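Following: one structure in structure tokens, then a few remarks.
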Amino acid sequence: MRIIRGLEQVRPEDRGASTALGNFDGVHLGHQAVIDLARAPDAPLGVITFEPHPREFFAPDAPPFRLMNAAARAHRLEKLGVERLFELRFDAALAALSAEEFARKVLAEALGVKRVVVGADFRFGKGRAGDAETLRRLGDELGFEVRAAGLVRGPAGEEISSTAIRRALLEGRPEDARRMLGHWHRIDGEVRHGDKRGRELGFPTANLSLERLLVPRHGVYAVLVEVLDGPFRGVRQGAASIGVRPTFGVNAPNLEVHLLDFSGDLYGAQISVALVSFIRPEEKFDDVEALIARMREDCAEARRRLAAASAAAS
């Protein structure tokens, strides 16, 4: 997949794509339906999205809400077979474009799209003045086809949305989030140096930043960890803690992952952590011995949960 970050990076071979247009935060089943409708035998499959997310641009001081950073979104889109990812910079200039200007200057002139697919509730242009019907009319005038995908609903008739997925994660329901996403919710990033406390306790951890991301419910999770590069590439089981480590004082929210039956140096590696099952809420322990005993229990429970999830999926 080729990633085009900005209109100035568009090459002649990038033009003429059949594209899905939207924010695609989480790349859930509804987003996947939009992307599937854009698949065509006569053009490369493309996705047009924005960085930062428009909501981040308009409300920079709001609490973090994103399900994915740009790298994680790109990784998921590549797995879906997307060939061109147009990651447009969402800035004051882009925000000021009217619906007509966006369709003409960006979609027709800069990207030269063959086809654009959007969700039924899509809005665009200054003041969110344009909708799917507006885009269809403009496409007729400018020479590209426009299609709108219908809303996707879950097995109980519930609407699938990024908002509903965020609610499930904040309530510690990763299984429900998975049903809407079509995949486990993942937190991706580079393993960074921490305070090495886990190693001292006998449970070395890989630490990931949660900066600018929605922080799921604080607590312990059974996880699957995909190491994306380096000598330890592959998928391994683990137990993870999300929270502020109250036993050791107040800290910024952090993700700490202990890989089961693993020994190796992952510092600097890119990993993807899938939240499979919520085990328990975050706790404060009276002493280190009580914490270590509970961590042993957590690892054993993570093994049981992951075995059950594997059996259910097979």
Side-chain angles (χ1 to χ4, degrees), residues 1-55 57-58 73-74 76-78 80-153 159-162:
M1 181 179 74
R2 175 168 144 71
I3 304 178
I4 299 94
R5 295 185 174 92
L7 300 180
E8 69 280 358
Q9 293 187 7
V10 177
R11 300 173 182 170
E13 61 267 28
D14 299 324
R15 299 174 63 82
S18 181
T19 61
L21 171 60
N23 293 313
F24 300 106
D25 186 27
V27 194
H28 57 59
L29 290 175
H31 298 148
Q32 293 172 44
V34 175
I35 293 168
D36 285 342
L37 193 56
R39 299 182 192 275
D42 60 347
L45 176 61
V47 162
I48 305 170
T49 190
F50 307 97
E51 190 62 34
H53 190 294
R55 184 169 152 190
F57 174 80
F58 287 114
R73 180 177 58 193
R76 177 56 53 180
L77 292 173
E78 185 171 28
L80 294 176
V82 173
E83 298 167 84
R84 302 285 190 278
L85 174 55
F86 300 98
E87 200 175 84
L88 306 183
R89 285 190 296 273
F90 198 90
D91 54 18
L94 188 63
L97 294 178
S98 67
E100 291 79 5
E101 289 171 328
F102 179 82
R104 176 170 53 83
K105 293 182 178 180
V106 177
L107 300 179
E109 296 176 359
L111 303 183
V113 296
K114 183 181 186 68
R115 185 177 297 108
V116 179
V117 181
V118 296
D121 57 352
F122 177 72
R123 307 290 299 194
F124 73 110
K126 184 178 181 179
R128 293 169 51 85
D131 57 14
E133 188 53 43
T134 306
L135 188 59
R136 183 177 289 111
R137 173 178 57 79
L138 292 167
D140 289 341
E141 297 173 5
L142 296 167
F144 57 84
E145 180 185 357
V146 175
R147 298 178 185 175
L151 292 176
V152 175
R153 297 191 176 275
E159 182 180 334
I160 292 175
S161 68
S162 296

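Note that the structure is predicted; figures quoted are calculated from it, not measured.
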With a 3.5 Å cut-off and sequence neighbours excluded, list the donor-acceptor pairs that the side chains of residues 102-113 form with protein atoms.
none

* **Set of side-chain contact (heavy atoms from CB on, under 4.5 Å) partners for Glu8, sequence neighbours left out** => Arg89
* Indicate yes or no: at least one non-hydrogen side-chain atom of Ile35 is less than 4.5 angstrom from one of Leu77. => yes
* Structure fact -> By salt bridge (charged side-chain N to carboxylate O under 4.0 Å, His left out), Asp36 pairs with (sequence neighbours left out) Arg39
* In chain order, what residues pass the ring pair (Phe, Tyr, Trp, His ring centres under 6.0 Å) check against Phe144, with sequence neighbours excluded? -> none
* Set of side-chain contact (heavy atoms from CB on, under 4.5 Å) partners for Asn23, sequence neighbours left out -> Phe50, His53, Pro54
* Just jot down the salt bridge (charged side-chain N to carboxylate O under 4.0 Å, His left out) partners of Arg73, sequence neighbours excluded, or say none. => Glu51, Glu87
* Structure fact -> The salt bridge (charged side-chain N to carboxylate O under 4.0 Å, His left out) partners of Asp14 (sequence neighbours excluded) come to Arg2, Arg84
* To do: May I have all residue pairs that pass side-chain hydrogen bond (donor to acceptor under 3.5 Å, both in side chains) and include part of residues 118-132, sequence neighbours excluded?
  => Asp131-Thr134
* Could you list all the ring pair (Phe, Tyr, Trp, His ring centres under 6.0 Å) pairs where at least one residue sits in residues 3-29, not counting sequence neighbours? => Phe24-His31, His28-His31
* Structure fact -> Contacts of Ala129 meeting side-chain contact (heavy atoms from CB on, under 4.5 Å) (sequence neighbours excluded), chain-then-number -> none
* Asked: What residues, two or more places apart in sequence or in another chain, satisfy side-chain hydrogen bond (donor to acceptor under 3.5 Å, both in side chains) together with Arg147?
  -> Glu145
* Counterpart residues, salt bridge (charged side-chain N to carboxylate O under 4.0 Å, His left out), relative to Glu83 (two or more places apart) -> none
